[in-house]
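Okay, structure first, notes after.
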Amino acid sequence: MTLLDYLPSLRGALSPRLDHAVWPSTTHYRHGRVTVAGMFLDDIADRYSTPVCVIDETSLRGRCNRIALESFTAEMLYRPGSVLAPVVARWIGEQHLTLVVDSMAGLSSARQLGVDPSHIVGRAQSAQAADHFLSLPAGERVGRIVVAAGLHRISDADRALTLAQSTLVSTDGNREYAENVIAQVVDCPATIFDGVECSASTLDGVFARIVESLGVMAQAYRDHGVLGNRLHLRIDSPTGLDTALLSDVVEDAVDEGCIRHRFPRPQLAVETGESITDASMVTVCRVRSIDRTDSRRAVVVVDGGTGCAPAGPAAAVIANRHSLGVEELFVLADGSDPLRRCVIDSEVSLPADVRVGDVLAIADGPGDCPSVLTLSDGQAHHLDLLPEMPSRVRFIPRVDTPFRSR
């Protein structure tokens, strides 16, 4: 027997701890209700309707600074997805970030947000996209482009450009194909070969991909006499990556690759997925129905438009009251389509007494809500996301110094 068994009235005064590795650092229980940045989430739901995605500025800035400190030896590429908004454009200027876009629509939106073109990297997934980036007027050209599928020769662009565009080549496909693209970049008067970009799905694959990419750069020097100076690494893995461990792996891989291929150390940029938004976003939604027809697991259906399939298992709590019920596993589903439920998480733990009308908070939820707020010091700011940009952008802290040597 515990004290709570003898004095059950104490249950109403106790609240479970919210792990700040999962939830924003300003998330707390207050009188049984959940607050972020000093604001009650159920009040936000009443005022702004649901679903709504809230971004804790304190957590986001802290996460950005922490990753930069853990990986201060490299440029860090950030991918916050749908949080792009005017406030993020302001952070670009404040924290010397560089925006990476993969379409002309994304570039146009970034320019509308006031981002300097020299602080933008364009990723061209096709030869036509590369042509578009190369055809930009001199004053609107991006800082560098990444080419994945070769180039077309554009005579108008060749004549218009007074300076060649800094260009990286993706090595994600066949190595021989990448070397052919490098030859096109070297031959094109509108581009100058500046390095390569590679990707890995896990930390285990990082070492081999970096060593291989340095081999491609060394071969380009032998074949064409061009010395690439940049290496971009993209980690296509879930959030929560240990950036300190990643830094050690990258250091060892670069050391090995440079020694093996007798190649000078390049400047590095690393993208770790949506790690910038880890434990900084919360999706607030309202329970619309509870379906208990399945004897194995009940289904909690929330507001339509919440989205599907977050990056990992969803952590959810009742935000408008402190429940006295025991925890139970539910299926959490989006109710936007009555004919086909979109499952957010098939095993989310919620109090057994969850009921229709309750406000749920989902940590690092799907994040594609139609309404987005930033919360700071007890104030909420509504953001109007530009339609061209969601889930297409990545952010890179601008770093002028290369990856350090040990």
Side-chain angles (χ1 to χ4, degrees), residues 16 18-19 21-24 27 34 36 41-42 44-45 48-55 79-83 201-202 235-241 273-321 323 325-373 385 387 390-392:
L18 294 171
D19 186 357
V22 177
W23 297 88
T27 308
V34 179
V36 174
L41 293 184
D42 55 331
I44 289 176
Y48 295 97
S49 74
T50 56
V52 59
C53 177
V54 298
I55 305 169
R79 185 176 54 201
S82 60
V83 301
S201 58
T202 63
I235 310 294
D236 297 324
S237 63
T239 58
L241 185 68
E274 297 192 5
S275 56
I276 190 175
T277 61
D278 283 356
S280 62
M281 297 174 59
V282 175
T283 300
V284 181
C285 52
R286 199 177 295 276
V287 177
R288 292 306 181 191
S289 65
I290 300 176
D291 184 357
R292 295 186 179 274
T293 56
D294 190 332
S295 59
R296 293 173 299 177
R297 190 161 297 166
V299 179
V300 175
V301 181
V302 296
D303 291 300
T306 302
C308 304
V317 296
I318 296 176
N320 58 298
R321 61 184 177 87
S323 171
V326 296
E327 294 288 311
E328 181 181 331
L329 290 179
F330 291 88
V331 175
L332 190 62
D334 183 306
S336 56
D337 186 350
L339 300 178
R340 176 183 175 273
R341 288 174 180 165
C342 181
V343 175
I344 300 174
D345 194 328
S346 59
E347 292 186 352
V348 63
S349 179
L350 287 170
D353 64 349
V354 61
R355 53 182 178 254
V356 174
D358 277 339
V359 175
L360 297 187
I362 308 173
D364 279 334
D368 53 0
C369 296
S371 182
V372 178
L373 307 174
L385 296 182
S391 72
R392 290 184 177 179

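Positions are given from 1 along the sequence. The basis for the numbers below is simple: all heavy atoms, side chains too, and nothing from hydrogens, waters or symmetry mates.
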Going by the rule salt bridge (Lys or Arg N to Asp or Glu O under 4.0 Å), which residues pair with Arg297 if we only count those two or more places apart in sequence or in a different chain? Glu347
Please name the pair of heavy atoms, one in Ser323 and one in Ile318, separated by the smallest distance, quoted to 0.1 Å. CB-CD1, 4.4 Å
Using the side-chain contact (heavy atoms from CB on, under 4.5 Å) criterion, which residues pair with Val34? Sequence neighbours excluded. Leu18, Thr27, Tyr29, Leu41, Val317, Ala319
If you compare all heavy atoms of Cys53 against all heavy atoms of Met281, which two are closest, and at what distance to 0.1 Å? SG-CE, 3.3 Å
Sequence-distant partners of Val299, side-chain contact (heavy atoms from CB on, under 4.5 Å), two or more places apart: Asp291, Val301, Val331, Ala333, Arg341
Can you tell me how far the CG atom of Leu373 sits from the CD1 atom of Ile44, to the nearest 0.5 Å? 6.0 Å
Tell me the closest heavy-atom pair linking Ala45 and Thr50, and the distance in Å. CB-CG2, 3.4 Å
Residues forming a side-chain contact (heavy atoms from CB on, under 4.5 Å) with Ala298, sequence neighbours excluded: Arg292, Phe330
Arg321: partners by salt bridge (Lys or Arg N to Asp or Glu O under 4.0 Å), with sequence neighbours left out: Asp353, Asp358
If you define the side chain from C-beta out and look only at heavy atoms, does anything of Asp345 sit under 4.5 Å from Ile362? no
Can you tell me how far the CG atom of Leu360 sits from the CG atom of Leu350, to the nearest 0.5 Å? 6.0 Å
What residues, two or more places apart in sequence or in another chain, satisfy side-chain hydrogen bond (donor to acceptor under 3.5 Å, both in side chains) together with Arg288? Asp303
State, yes or no, whether a side-chain contact exists between Pro51 and Val302 at a heavy-atom distance under 4.5 Å. no
Rounded to the nearest 0.5 Å, how far does CG of Leu332 lie from SG of Cys342? 10.0 Å
side-chain contact (heavy atoms from CB on, under 4.5 Å) partners of Ser349, counting only residues at least two apart: Glu327, Leu329
Taking every non-hydrogen atom, the tightest pair across Val22 and Ala315: CG1-CB, 3.8 Å
Can you see which heavy atom on Ile290 is nearest to which on Val356, and at what distance? CD1-N, 4.1 Å
